[in-house]
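Chain A is the first sequence line, chain B the second, and so forth, proteins listed ahead of strands; every chain is numbered from 1.
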Number of protein chains: 2
Amino acid sequence: MNTKLPPRTVERLSKYRRLLDKYKDLEGAHIYSHKLAGLLNLTPEQVRRDLMLIGITGNHRRGYNIKELIGMIGNTIDRHEGQQVALVGIGNLGRAVLGFIRKAETRMNIVAAFDIDRSKINTHIGNVPCFHLHDARQVVRDKSIRIAILTVPPEVAVATTAMLLQSGIRGILNFTSVHLDVPPGIYLKDYDIITSLEEIGFFIQE
Amino acid sequence: MNTKLPPRTVERLSKYRRLLDKYKDLEGAHIYSHKLAGLLNLTPEQVRRDLMLIGITGNHRRGYNIKELIGMIGNTIDRHEGQQVALVGIGNLGRAVLGFIRKAETRMNIVAAFDIDRSKINTHIGNVPCFHLHDARQVVRDKSIRIAILTVPPEVAVATTAMLLQSGIRGILNFTSVHLDVPPGIYLKDYDIITSLEEIGFFIQE
DNA sequence: CATCAATTGTTATTTTTTTCACATTGTCAG
DNA sequence: CTGACAATGTGAAAAAAATAACAATTGATG
Ligand SMILES: NC(=O)c1ccc[n+]([C@@H]2O[C@H](COP(=O)([O-])OP(=O)(O)OC[C@H]3O[C@@H](n4cnc5c(N)ncnc54)[C@H](O)[C@@H]3O)[C@@H](O)[C@H]2O)c1
Ligand SMILES: NC(=O)c1ccc[n+]([C@@H]2O[C@H](COP(=O)([O-])OP(=O)(O)OC[C@H]3O[C@@H](n4cnc5c(N)ncnc54)[C@H](O)[C@@H]3O)[C@@H](O)[C@H]2O)c1
C-alpha cells in the first residue's frame, strides 16, 4: 500500500502481527484498539492511527478483524512473502542469533551464512549453508538475499559491509558496535549494547 | 548535571565518548563539531546541540577539547563511576554478550550472572560468578546491581522480570522478543530482532 | 592592529510523532 | 424499529526531535 510509513509505526505493526498470530485460528475473532494497546503498553489512539495508516478499517461495534489485520499488515510489511536474509560471521553471537531466528515464526528466512573460517565453509549450521564471504556476490544474487545480519569481529566490520553492499545487500542489522557509513537507499539498524546500557544507566539515575 | 536529556541525545553522547576515547591521550587535542558529526553521520548542528545540553562550551576557533568532552560526558552519563550490571540467562546468547562486554571498554561492569541450571550455579563464566536466580535479591543488594541484561528463554521472561524487579533492578535490556510490562521508573530497552528485520525489510522495498 | 574566515552558541523553524477531542457509525437490547 | 452505547476514524493540538539560520567569537594573517 502506501510505502511512506513512520519507522515507529512499522515497528509497532510488526509487534501487532506477532502478537495476533497467536489468535489467527479463531475464525472471525475481533479485537479492540484498547485491548491491543493494553497488551503492548500503547494508547488506543496510537493503535488506531497505525492501522488507519495502512488502510485497515475496523468495525464500530466489534473492533478489528484479527485475520484481516494480520493479512493487511503482511501486505504492507512483507509485500508478498517474506525476504531472504544472510547471517555474516558465524561466531558465538551469530550462532545464537541463527538459532533464535530459526525457532521464531517469521517471514524472514535465513538462507545463507558467510564466514572466512575454512572450517566453517561448506558446512551447514542448522540447515543453513555456510559460504565463504568471497562468494557473497554470487550467493546473494542466486538466493535473492537483500538483508544481512552482521556479526563479524569489529576490526573487519567496515570492510565486510563494503563487500556486502557490493553484493547487492540493501539492509543491514549491525551487531558490531562499529559505526557503519552506508550510502542513501541502504537501511541500517544498529544494535549497540554499550550505548544501550549507558542509556539505561543514565535514565535510572534518581 | 541536568538529568532531563532526550534519549537520543544520551545515545549520541555515549557514541561520542566511545569514539573519542581513542584520542584521549592526545593532550590538548580538539575536535570540530563537523568532524565529530562526519565520523558518525550526524549534522554538526546536532552535535553542537547535544554538547550544549550538557553544558560543554567549545572554543570558537579550535573546536571542543577532547579531554574535557570525555570528562563532561562521563559526568553526565555515569555520574561518578560506572554501574553494576547482571546477566540473566547464561545460554548461547548470554555467553556471547558476556564475552563481548568483557572485551569492550566501558564503565558498565558485569558483576554477576544468574541462571537456574544447577550445572552453571557457583561456576564462573569468564571471571563473572554465576548465582541461582533465587538468590537475586541478596546478590543484587550486595553488589549494588541496578541493570539486568535479560537473555532467558521467552517462556520465563515475564516471571524472571518480576523477580528481578523485586530484587531492586531498575533498568533492563531485554533480548527476549517478549513484551515486558514494567512499572513507571523502570527503564526498559528492547532488542527485538524479528521486529528489526521486518522494519528493515519494509524500508528496502523499492 | 584591522581584517577575514571559520566555528561556536542559540534562537527560530520545520518535521516527525504522539496525544487529544469529538463527530460518526455499527450493533444490540428492548 | 429505534435509541443508546461503545467503539472507530480523523482533524487539530501538543510534544519531541532535527534542521536551519545567523550573530558572536576567536585567532591567524597581512
Ligand atoms: N553489539 C552487540 O550487541 C554485540 C554483542 C555481542 C557481540 N557483538 C559483536 O558481534 C561480533 C561477533 O561477536 P562474537 O562473539 O560472535 O565473535 P566471534 O569471534 O565468536 O565470531 C566472529 C565470527 O566472524 C568470523 N569472521 C571473521 N572475519 C570475518 C570476515 N572478514 N568475514 C566474515 N566472517 C568473518 C569469524 O570466523 C567468526 O566465526 C563482534 O563484532 C562483537 O563485538 C556485538
Ligand atoms: N531478541 C533477540 O535479538 C534474540 C536473539 C537471540 C536470542 N534471543 C532470545 O534470548 C533468549 C536466550 O537465547 P539463547 O539462545 O541464549 O537460549 P538458551 O536456551 O541457550 O539459554 C537460555 C538460558 O537461560 C537459562 N534459564 C532458563 N530458565 C531460566 C530462569 N527462569 N531464570 C534464569 N535463567 C534461566 C537456561 O538455563 C539457559 O542457560 C531467548 O529468549 C531467545 O529467544 C533473542
Under 4.0 Å between a side-chain N or O of [X] and OP1 or OP2 of [N]?
X       : N      : result
A/Arg12 : C/dT18 : yes
B/Thr57 : C/dG9  : yes
A/Tyr32 : C/dG26 : no
A/Tyr64 : C/dG26 : no

Item checked: Whichever of B/Pro44 and A/Asp50 has its nearest DNA chain C nucleotide further upstream toward 5' ->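 Mapping each residue to its closest nucleotide by heavy atoms, the 5'-most match is B/Pro44.
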Next item on the list: Please tell me which of A/Thr9 and A/Arg62 maps to the more 5' nucleotide of DNA chain C, matching each residue to the nucleotide holding its nearest heavy atom.
Entry: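 Closer to the 5' end of DNA chain C: A/Thr9.
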Answer yes or no: is there a donor N or O on one side and an acceptor on the other, between the side chain of [X] and the main chain of [Y], under 3.5 Å?
X        : Y        : result
A/Asn174 : A/Val178 : yes
B/Arg146 : B/Gln83  : no
B/Tyr32  : B/Arg61  : yes

Check: Do A/Arg61 side-chain and C/dC28 base share a donor-acceptor contact under 3.5 Å?
Finding: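 Flag unset: no donor-acceptor pair detected.
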Check: Between the base of C/dT11 and the side chain of B/Arg49, is there any donor-acceptor pair under 3.5 Å?
Finding: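 For B/Arg49, whose side chain was compared with the base of C/dT11, there is a donor-acceptor pair (under 3.5 Å).
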In whole Å, what is the span from the [atom1] atom of [X] to the [atom2] atom of [N]?
X       : N      : atom1 : atom2 : value
B/Glu45 : C/dT11 : CD    : P     : 16 Å
B/Met52 : D/dT19 : CE    : C1'   : 14 Å
A/Asn59 : C/dT24 : CG    : P     : 18 Å
A/His30 : D/dA6  : NE2   : P     : 19 Å
B/Leu36 : C/dT7  : CG    : P     : 14 Å
A/His34 : D/dG9  : NE2   : C1'   : 16 Å
B/His60 : D/dA28 : NE2   : C1'   : 16 Å
B/Ile56 : C/dT7  : CD1   : P     : 19 Å

Margin query: Tell me which one of A/Lys15, A/Arg17, A/Arg107 satisfies salt bridge (charged side-chain N to carboxylate O under 4.0 Å, His left out) with B/Glu198.
Written below: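 Going through the options one by one, the only one that passes is A/Arg17.
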Note to self: Are A/Arg12 and A/Leu40 packed together at the side-chain level, in the sense that at least one heavy-atom pair is separated by less than 4.5 angstrom?
What the structure shows: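 When only atoms from C-beta onward are counted, A/Leu40 and A/Arg12 do not touch, as no gap falls below 4.5 Å.
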Margin query: Measuring from the side chain of B/Gln46 (C-beta onward, heavy atoms only), which nucleotide among D/dT8, C/dA5, D/dA18 has the closest atom?
Written below: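 Nearest nucleotide to the side chain: D/dA18.
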